[in-house]
Amino acid sequence: MARPLSGKKPKNFGFTLRTLLSYMGRHKFLFLAVAVLVTISALGNLLGTYMIRPVVNSVGEGDVDALVRGVLTTAAIYGVGVLASFGYTQTMVRAAQKVLYDIRRDLFAHIQKLPLRFFDTQRHGDIMSYFTNDVDTVADALNNSFAMTIQSFIQMTGTLILLFVLNWRLSLIVVVGYAAMFAYIRFSAKRSTAYYTGQQAALGDVNGYIEEMVAGQKVVKVFNHEPENQRVFEEKNETLRKAGTGAQSYAATMVPAVVSISYINYAVVAVVGGIMALNGTTDIGSLSSYLVFVRQAAMPINQFTQQSNFLLAAMAGAERIFEAMSLKPETDEGKIRLVNVCEKDGTLSACAEKTGSWAWQKPDGALAPLRGDVRFHDVSFGYDKGHTILKHVSLYAKPGQKIAFVGSTGAGKTTITNLINRFYDIDEGSVTYDGIDVREIEKDSLRRSLGIVLQDTHLFTGTIADNIRFGKLDATMDEVIRAARIANTDSFIRRLPQGYDTRITADGASLSQGQRQLLAIARAAVADPPVLILDEATSSIDTRTEALIEKGMDRLMEGRTVFVIAHRLSTVRNADAIMVLEHGQIVERGGHEELLAQKGEYYQLYHGMFELS
């Protein structure tokens, strides 16, 4: 038997149950209707079985009228039960889908609010598992288990009550059988719960690994990594198998055990009841109805045990979902907003219409023009505690200046741009934007004022125009085309089968890396930001293409504060200031000619003594 992967039960079982019930409570009238209809259906089944007593007794007494009344009454009871069953199944479908809609919506909304650090430390496949496997387990429980559990409970309780009504002496024997059934159910459920929790975690791990390997198949094949991938996958798959086997091994014994106990119970009751009927201490009708109840007693218990498997898996999946939803979202203590402004008689005022002019609006309503002045003041930062990346960095970029960063891999170039847009918060010092500490600016406003082109581009499923418009969702087609021309992408787009309406799938797999990066540049151009960050934006563009877009890039950078991280010195020669970073510190700064004259790090990079990366 596989060993449990975690504790004896989900560590947040109470929290998970309360949260799930709160979601169900949002649609309480639907679930109340389900409960009422399920109750009617269950009572119909119980009363229909109880009617065996008067029907059998009327046959024994030869009372035809009583027999007809009994049969018609039984038919009416079962008819109502059938209608109630149809009603609750249809209502349950609607209620379950509403709850699942709410969970998926809230989960997606919350994950979008999580800090970038979460996505940097979690595999995408594991995150996707929240929306697929974990939500599916909750869906199975709501669709299959909620109504059935209520029905089984009512039938078990009602059956026990009617058994005592029909013959309390025989019922003492039945109670012993019931106690044995529930004792084993509790024993099995207690042990399988831990396995279900481990199973969901292992399933997410397997999915995450598969997603990672599928996405990196080119690298896998280039380095002949298939055997090692297979080995790791088999280890993870074995962990999942053990967890699944442990869960199902205990759960699978519930039904056979309950059935076996019920058979023994039925045999004992039939013998004792027959003796009582021969002695005249019970009538034939009561014994007939009683034996049917005893025979049926195992069915609701079996149903309850079967549904408990769904419920255990659902609670394990729900626990993962709600733990993700309880993660602390990205904090935003900023109070200063970016607003559109109109100028009249030399005075700025906030306005609703889009003017193309922006200003920072402070909490007291005061406006400060957006200029694009970015400064670092003695900034230190590390992604992990105890490992500092930037060490006491100070720099400034005046409005309209082009600042370039060069240096070896890991020197901290990209980290600087991550701090400007507050993907991460600094440990020491401050970063100011137009004289305002960036921590005082709302993150949405801060990032709206910045345009960024990353080395690793990402294109979304949709048309070429949609992907360019991602930088400005309300951009007109004329604006999209203008941005494409700035990035020198218009000509190759028009050569595509449907031009700007050509659909992109699989992250633009049908396009070259250079074409994808050109679209990313066009996306930044349509946003028309006052501050532009180019993180090795031309690294995947050949020299000829780079020369073609140079003028367009110059137009894009005109009048803007620009931060450039580049691996080609040709792209930084005309920068207003070049910062040479090594080991998280600025070791040289100045213009191209000035730095060459110093014959230091930059001089060696320029003359190929060091490799610039």
Review point. Is the closest side-chain heavy-atom distance between Ile416 and Phe376 below 4.5 Å?
Key: yes
Review point. With a cut-off of under 6.0 Å to the ring centre and 45° to the axis, is Arg26 in cation-pi contact with Tyr23?
Key: yes
Check your understanding: Any side-chain heavy atom of Glu226 within less than 4.5 Å of one from Gln230?
Key -> no
Review point. Can you check whether Tyr383's main-chain N or O pairs, donor with acceptor, with Arg117's side chain at less than 3.5 Å?
Key: yes
Review point. Mind checking what makes salt bridge (Lys or Arg N to Asp or Glu O under 4.0 Å) contact with Glu234, not counting sequence neighbours?
Key: none
Exercise for review: Indicate yes or no: does Glu333 engage Arg439 in a salt bridge with an N to O separation below 4.0 Å.
Suggested key: no
Review point. Could Asp102 and Lys98 be called an ion pair, given the rule that one side-chain N must be under 4.0 Å from one carboxylate O?
Key: no
Check your understanding: Going by atom types only, do Thr463 and Asp501 share a side-chain donor-acceptor pair under 3.5 Å?
Key -> no
Point to revise | Pairing residues for Asp425 by the salt bridge (Lys or Arg N to Asp or Glu O under 4.0 Å) criterion, not counting sequence neighbours | key: Arg422
Point to revise | Electrostatic pair Asp466:Lys472 at N-O distance under 4.0 angstrom | key: no
Review point. Do Tyr500 and Asn467 meet the criterion of a side-chain donor-acceptor pair at a distance under 3.5 Å?
Key: no
Review point. Can we say Lys236 and Asp205 salt-bridge, meaning some charged N sits less than 4.0 Å from an Asp/Glu carboxylate O?
Key: yes
Practice item. Please check if the side chain of His110 supplies one atom and the backbone of Leu327 the other of a donor-acceptor pair under 3.5 Å. Key: yes
Exercise for review: Using atom types as modelled and distance alone, determine if a side-chain donor or acceptor of Ser380 lies under 3.5 Å from a backbone N or O of His392.
Suggested key: yes
